[in-house]
Amino acid sequence: MHKPIFIKLLSVLVILAVVAPVHAGEVEDFVSKYTGENGEGYMQPLADAFGASLNSGLYHDARISRVRIRLYVGMEAMMATVGPDQKTFKAKTENFSPEQTVEAPTLFGKNEPVTVTGTGGTVYTFPGGMNFKRLPIAVPQATIGGIAGTDLTVRWFATSSAKDLGDIKLMGWGVRHSLSQYMPLLPLVDIAAGYYSQSFKVGDIVDAKATLISLQASVTKTVLVVYGGVGFESSKLDVAYEHNEAGSEPVKIGFELEGKNKMRMTVGAGLNLPGINIHGEYNIGTQSVLSAGFGFRF
Amino acid sequence: MRRMLLLTVLIALPLVTGCKKQLFHLTGTLNVSELFEVNDADGSYQAMETIQPADVNAELDIPDNAVITGVEIETLYFDVALQPGNQAASVSASAWVRPQNGVYVPAFQNITLPLVNGIVNINTLNPAAVAVLKAQLQAVLMQVGTVGPVDVRVELTANRAPVIADIELVVRGTVNYDACLEVPDWLTEGEKCDIEED
């Protein structure tokens, strides 16, 4: 009996933060039935949740100094909530007579296979999901800036120790610029605009990208910071792997999934304690995400 | 700085590393096939092959600790590979299955099989034949009933044209099984794992 590669992906996505080795959920056991359009429907919620999560927690105020260089090093944890509409999709039987369409579980859906009966007592089975309640991820993050009202944010993580998968690499960067420095009539509110781009790869199997353009604002009152923003975003998750089905030649399977989040609103608050920042935020969009983080300020 | 980074990582670890075993209801696909190497000058071919229990076991591909809970027949299909010299455009195909010590049961009769490379699904199946095949898979995989071979007889008839092709008759089944998988904490609302590990 073999236990192949495919996506131990899911656990890697979930744990992409700081750790290896990765304990793999054998996601192929779930998705292996699907090779075409059904596969995209089955995996789409993962792309939505993962892309929206990546684009969260990238800033936690809008104040950028013009003259004083600051460094922040911390950790961001994001959690995409899984709604009922992400638990099922319209699935069609493949190579089955007669063709039928049913509401079948997505990867996030109930762990109960759905069956339909065809001619001659044949039965088609749509696999169940993993019964997800949320998708948490965490990433290390650093920001350096304060040069002419501009700062740079970086996310980076790499390892090669996850079994069978190849190198895992997250690389993200973003720049933002203070707009409030040009608005002397708004002394209490800090405003900035930012652009962020992230890439996440797992060997040749997973290639995910996410970008965010955001307009940010914050108000600071002693140690308390209240912040928010609007953002325009895009994300995609490409998955490619070789599927080994018993009794058949290996088949190359690929899904190109586009995250459905296009616009988001962010509301959050943080505490700037001596040397330490802690913060939490809620990102409202087609895919909503809770995010929280902490870090050290220098 | 290094200490702070280490502290950051250590604080974050509990968020992302905890794993637990949960019970999942999974499905796998099982393709059991018999190959008919047809090289017939007058366009009339008959042959019998046997699906042995070992053939079924050899195609099973599920985790070692899985417990099989059900088996279904999803479809039967032909996988055609034309060989040089073939002149027939199609054949009329019929097939029968016979369990050990049983009688032949028609699976399908006189369906038109286009002779083109690739897969051709069989959409008119006899429930009795599907039941024979299902019973064999259940016997082999779930130890339900009598384990034994199943004979598969195929007749192909072309209109006096030579038929030269490798034609595979594939029985595509679904195996439902329970398995305990290790998944990250917080992630799923799964069932408690109650399968004993080896």
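The chains referred to below are lettered A, B, ... by the order of the sequence lines, with proteins before strands, and numbering in each begins at 1.
Note: Tyr42(A) and Phe89(A) have perpendicular aromatic rings, judged against thresholds of 30 and 60 degrees for the angle between ring planes. Between Phe298(A) and Phe296(A), the ring-plane angle classifies as tilted under the 30° and 60° cut-offs. Using cut-offs of 30° and 60° for the angle between ring planes, the Phe108(A) and Phe132(A) rings count as parallel.
Side-chain contact check for Gln83(B) and Glu37(B): no donor-acceptor pair (N or O, by modelled atom type) lies under 3.5 Å.
From Leu26(B), atom CG reaches atom CG of Asn111(A) across 6.5 Å, with rounding to the nearest 0.5 Å.
Residue contact with chain A, scored on non-hydrogen atoms closer than 4.5 Å, involves the side chain of Asn176(B) exclusively. Heavy atoms closer than 4.5 Å to chain B are found in the backbone of Glu94(A), but not in its side chain. Only the backbone of Leu23(B) comes within less than 4.5 Å of a heavy atom in chain A; its side chain stays farther off. With a 4.5 Å cut-off on non-hydrogen atoms, Glu191(B) touches chain A through its side chain but not through its backbone. Proximity to chain A is limited to the side chain of Asn121(B), based on heavy atoms less than 4.5 angstrom apart.
With hydrogens and angles ignored, the 3.5 Å screen pairs a side-chain donor or acceptor of Gln100(A) with a backbone N or O of Thr117(A).
Within the 4.5 Å cutoff, the side chain of Ile69(A) has heavy atoms near those of the Ile144(A) side chain.
Using non-hydrogen atoms only and a strict 4.5 Å limit, the part of residues 127-160 of chain B facing chain A consists of Pro127(B), Val130(B).
Put simply, of Val32(B), Asn123(B), Leu125(B), Val170(B), the one with the most heavy-atom pairs under 4.5 Å next to chain A is Asn123(B).
Here the closest heavy-atom approach between residue Glu168(B) and residue Ser33(B) is recorded as OE2-OG, 3.0 Å.
For residues 99-120 of chain B, the pairs satisfying ring pair (Phe, Tyr, Trp, His ring centres under 6.0 Å) are Phe78(B)-Phe108(B), with sequence neighbours left out.
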